[in-house]
Amino acid sequence: MVVRLDRISASKYTNFAEYLLAEQTLSLYYFTGIVNWGIAIPVSIGSIVGSFLGLKIIPYIQTRWVQIILPIIFLFLIGQVVSDLIK
């Protein structure tokens, strides 16, 4: 089945599905007692603030800059994970 939606409606449905998945995952971790609240709260706040700021500045950023900056950020994050694994 193919559903034809405009981008905004499709984005809303995708965000809602991701929210449901995140809520189910949090419930699972919360009820099994493996949530580290000292990490979870700051990461959640950072995600919310980052999403808000990203939505506000995205109309002003040219596509070319995104194509340059995102791979640099991803490589930095990969390097950080690898360095943490080596320690």
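Since we're looking at a predicted model, the values are computed, not measured.
Rounding to the nearest 0.5 Å places OH of Tyr29 at 13.0 Å from CG of Asn36. Rounding to the nearest 0.5 Å gives a distance of 10.5 Å between OH of Tyr19 and CD of Gln24. With rounding to the nearest 0.5 angstrom, the CG atom of Leu26 is 11.5 Å from the CG atom of Leu21. The CG atom of Asn15 lies 11.0 Å from the CG atom of Leu20; values are rounded to the nearest 0.5 Å.
A side-chain contact (heavy atoms from CB on, under 4.5 Å) with Val43 is found for one member of Ile41, Ile45, Ile39 and no other, namely Ile39. Checking each of Val66, Ile61, Ile68 against Arg64 for a side-chain contact (heavy atoms from CB on, under 4.5 Å) leaves exactly one that passes, namely Ile68.
Hydrophobic clustering (side-chain heavy atoms under 4.5 Å, transitive across Ile, Leu, Val, Met, Phe, Trp, Tyr) keeps Leu53 apart from Tyr60. Ile34 and Phe31 end up in the same hydrophobic cluster when Ile, Leu, Val, Met, Phe, Trp and Tyr side chains are linked at under 4.5 Å. When hydrophobic clusters are built by joining Ile, Leu, Val, Met, Phe, Trp and Tyr residues whose side-chain heavy atoms come closer than 4.5 Å, directly or via intermediates, Trp65 is grouped together with Ile57.
In this structure the side chain of Trp37 reaches within 4.5 angstrom of the side chain of Tyr30, judged on heavy atoms. No side-chain heavy atom of Leu77 sits less than 4.5 Å from a side-chain heavy atom of Val81.
Around the CD atom of Gln67, the shell of radius 6.0 Å holds more than 12 heavy atoms that belong to other residues, nucleotides or ligands.
Under a 3.5 Å cut-off, the side chain of Ser27 and the backbone N or O of Glu23 do form a donor-acceptor pair.
Taking every heavy atom of both residues into account, Ile58 and Leu55 meet most closely at CG2-O, 3.7 Å.
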